[in-house]
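See structure below.
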Amino acid sequence: MTLRLRPQEPDAEGVVIDVTPESAGWSYVGFRVVRLAPGARYAGGEAGREVCIVLASGRATISAGDRIFRAIGGRTTVFDGPPISLYVPAGVGYDIEAHTPVEIAICSAPGLGNRVVHLIAAEDVGLETRGSGTNMRFVRNILPDTSDVAEALLVVEVVTPGGHWSSYPPHKHDADAWPDETQLEESYWHRTRHPKGFAFQRVYTDDRSLDETMTIEDGDVVLVPRGYHPVAAAHGHDLYYLNVMAGPRRAWRFTEDPAFRYDVAVD
């Protein structure tokens with residue numbers, strides 16, 4: 001299984017990254033990145049999958065079902081504060097028309113269509129600072145597990161300053177062991193503030209049957225089917241990533257690698 005995916009040139013619909021459960025070899029998470037020129041359009045919607053449309057940059061009008069959200073968005077880059085996002089339940093079609101150059105992240109997971117179209121304004125995004133020292137990073141909770149907007153999706157943005165660690169201490173969420181841990185597939189969409197910036201991500205399991213360390217460049221997607229998955233941003237190169245998680249239970253419970261616990265001795 002290939003864990004690191006590179007963006008491609010936009011296809012006829014503007015798609016540069018396309019992760020489906022089938023292509024990833026898992027059951028829940030789908031992720032797509034679309035780039036549109038001003039005036040271009042993109043349409044979607046599936047009977048059995050809900051989506052969260054995150055306006056990564058640019059401004060667009062989005063219609064979903066019988067609702068129209070005109071000229072929303074406006075970030076120049078993903079580093080410019082929290083986004084505007086739109087939740088679209090399973091079975092509802094949507095149409096996106098770009099007003100400016102637009103980059104859109106489309107996060108998806110299985111759904112029954114039991115929710116309603118919901119605009120998540122920038123001011124509705126929960127902000128938190130996580131960690132301290134060189135483990136400090138800045139979290140933007142778009143669809144946390146405390147929200148009842150979605151059926152399955154968990155969506156969050158994280159900005160990690162250059163030289164800092166993130167998704168750290170290493171943690172995993174690949175076991176259905178409620179209430180201590182939940183089984184969640186996860187994708188990371190990475191962007192670097194400088195186009196030539198880079199980061200590292202390791203994905204590994206306790207038994208090392210999976211153990212892969214990757215150099216991450218701007219626009220890459222990393223798939224985390226299981227295991228621990230820490231990230232390190234290169235000095236001087238701020239890192240952004242968008243996480244999409246989904247699994248059998250819509251809750252984020254994780255287990256840290258015991259080797260990195262601060263209250264135990266480590267050889």
Side-chain angles (χ1 to χ4, degrees), residues 1-5 17 19-32 46 48-52 54 85 87 89-90 105-112 114-115 120 125-126 128 130-131 137 139-158 160 165-190 201-207 209-212 214 216 220-231 240-258 260:
M1 178 182 186
T2 301
L3 299 186
R4 178 198 179 206
L5 306 175
I17 285 279
V19 177
T20 66
E22 294 75 21
S23 69
W26 56 28
S27 301
Y28 295 92
V29 169
F31 183 72
R32 180 173 293 177
E46 297 181 47
R49 296 188 67 80
E50 63 181 2
V51 302
C52 180
V54 180
S85 306
Y87 171 79
I106 301 172
C107 320
S108 71
L112 299 175
N114 293 332
R115 299 293 192 272
I120 305 167
V125 174
E128 67 175 293
R130 193 173 294 162
R137 62 273 199 196
V139 180
R140 305 164 181 166
N141 290 302
I142 300 168
L143 280 177
D145 60 2
T146 54
S147 166
D148 61 0
V149 168
E151 292 184 73
L153 278 168
L154 298 166
V155 181
V156 61
E157 291 185 336
V158 179
T160 305
W165 286 83
S166 199
S167 291
Y168 196 92
H171 66 274
K172 72 180 185 73
H173 38 72
D174 57 15
D176 186 7
W178 181 260
D180 299 315
E181 186 176 343
T182 48
Q183 180 186 345
L184 295 168
E185 302 163 355
E186 185 170 19
S187 63
Y188 279 68
W189 179 43
H190 292 278
Q201 185 159 21
R202 183 185 182 194
V203 181
Y204 68 98
T205 55
D206 287 311
D207 64 3
S209 60
L210 175 61
D211 191 355
E212 186 168 342
M214 293 154 280
I216 304 305
D220 285 357
V221 168
V222 170
L223 305 180
V224 182
R226 64 189 188 279
Y228 308 100
H229 39 277
V231 177
Y240 159 102
Y241 56 78
L242 175 68
N243 285 140
V244 185
M245 292 183 282
R249 183 191 296 265
R250 190 176 181 273
W252 184 52
R253 302 288 187 276
F254 57 86
T255 299
E256 292 182 353
D257 185 339
F260 291 85

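Minimum heavy-atom separation, Ala24 to Leu223: CB-CD1, 3.9 Å. Contact between Ala90 and Gly48 at its shortest, heavy atoms only, is CB-C, 4.0 Å. Here the shortest heavy-atom pairing between Val54 and Cys107 reads CG2-SG, 4.2 Å. The two residues Cys52 and Ile142 come nearest to each other via the heavy atoms SG-CG2, 4.2 Å. Closest approach of Ala150 to Leu143, counting heavy atoms only: CB-CD1, 4.0 Å. Closest approach of Val244 to Gly30, counting heavy atoms only: CG1-O, 4.4 Å.
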Would Tyr240 and Arg140 count as a side chain to side chain contact (heavy atoms under 4.5 Å, CB included) if you check the C-alpha gap in whole Å, the side-chain angles of each, and the deciding distance to 0.1 Å?
-> CA-CA 11 Å; Tyr240 159 102; Arg140 305 164 181 166; 4.1 Å; yes

Apply side chain to side chain contact (heavy atoms under 4.5 Å, CB included) to Arg115 and Val149, showing your working.
-> CA-CA 7 Å; Arg115 299 293 192 272; Val149 168; over 6 Å; no

Kindly indicate, with the supporting measurements, whether the criterion side chain to side chain contact (heavy atoms under 4.5 Å, CB included) is fulfilled by Val203 and Glu186.
-> CA-CA 11 Å; Val203 181; Glu186 185 170 19; over 6 Å; no

Taking it one step at a time, do Thr160 and Tyr241 satisfy side chain to side chain contact (heavy atoms under 4.5 Å, CB included)?
-> CA-CA 8 Å; Thr160 305; Tyr241 56 78; 4.0 Å; yes

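Although no hydrogens or angles enter the test, the distance criterion places no donor-acceptor pair under 3.5 Å between the side chain of Glu151 and the main chain of Pro110. In this structure, Gln183 contributes its side chain and Gly247 its backbone to no donor-acceptor pair below 3.5 Å. Although no hydrogens or angles enter the test, the distance criterion places no donor-acceptor pair under 3.5 Å between the side chain of Thr205 and the main chain of Gly227. Judged purely by atom type and a 3.5 angstrom limit, Glu185 uses its side chain to pair as donor or acceptor with the backbone of Val29. Counting only distance, with no hydrogens or angles, the side chain of Ser167 and the backbone of Val231 share no donor-acceptor pair below 3.5 Å.
Qualifying salt bridge (Lys or Arg N to Asp or Glu O under 4.0 Å) partners for Asp174, counting only residues two or more places apart in sequence or in other chains: Lys172. Arg202 meets the salt bridge (Lys or Arg N to Asp or Glu O under 4.0 Å) test with Asp211; sequence neighbours excluded. Partners of Trp165 under the ring pair (Phe, Tyr, Trp, His ring centres under 6.0 Å) rule, at least two apart in sequence or in another chain, are Tyr168. Under the side-chain contact (heavy atoms from CB on, under 4.5 Å) criterion, Asp148 pairs with no residue at all, not counting sequence neighbours. Qualifying side-chain hydrogen bond (donor to acceptor under 3.5 Å, both in side chains) partners for Arg4, counting only residues two or more places apart in sequence or in other chains: Glu217, Asp220. A search for side-chain hydrogen bond (donor to acceptor under 3.5 Å, both in side chains) contacts involving Glu212 returns nothing, not counting sequence neighbours. With sequence neighbours left out, the side-chain hydrogen bond (donor to acceptor under 3.5 Å, both in side chains) criterion links Arg249 to no other residue. For Thr2, the side-chain contact (heavy atoms from CB on, under 4.5 Å) partners at least two apart in sequence or on another chain are Leu5. Taking Glu50 as the reference, nothing meets the salt bridge (Lys or Arg N to Asp or Glu O under 4.0 Å) condition, with sequence neighbours excluded. The salt bridge (Lys or Arg N to Asp or Glu O under 4.0 Å) check on Arg137 picks up nothing, with sequence neighbours excluded. Scanning for side-chain hydrogen bond (donor to acceptor under 3.5 Å, both in side chains) contacts around Tyr204 gives Asp257, with sequence neighbours left out. Not counting sequence neighbours, Asp180 has no partner by the side-chain contact (heavy atoms from CB on, under 4.5 Å) test.
Annotation: the span from Glu181 atom CD to Thr255 atom OG1 amounts to 3.5 Å, rounded to 0.5 Å. Summarising the geometry, atom CG belonging to Asn243 is positioned 10.5 Å from atom CG belonging to Asn141; distances are rounded to the nearest 0.5 Å. Atom CZ of residue Phe31 and atom OG1 of residue Thr20 lie 13.5 Å apart, to the nearest 0.5 angstrom. A distance of 10.0 Å separates CG in Leu184 from CZ in Arg253, rounded to the nearest 0.5 Å. Atom OG of Ser85 sits about 11.0 Å away from atom CG of Leu153, to the nearest 0.5 Å.
No side-chain heavy atom of Val51 sits under 4.5 Å from any side-chain heavy atom of Glu46. With a 4.5 Å cut-off on side-chain heavy atoms, Leu3 and Pro225 count as touching. Residues Tyr228 and Pro169 are not in side-chain contact: their nearest non-hydrogen atoms beyond the backbone lie 4.5 Å or more apart. With a 4.5 Å cut-off on side-chain heavy atoms, Trp26 and Arg226 do not count as touching. Within the 4.5 Å cutoff, no side-chain heavy atoms of Val222 are placed close to those of His229. Under the 4.5 Å side-chain criterion, counting only non-hydrogen atoms from C-beta, Val156 is not in contact with Glu128. Within the 4.5 Å cutoff, no side-chain heavy atoms of Ser187 are placed close to those of Val19. Side-chain contact between Met245 and Val224 is absent, with no heavy-atom pair separated by less than 4.5 Å.
Ring geometry for His190 against Tyr188 counts as parallel: the plane angle stays under 30°, on a 0 to 90° scale with 60° as the upper cut.
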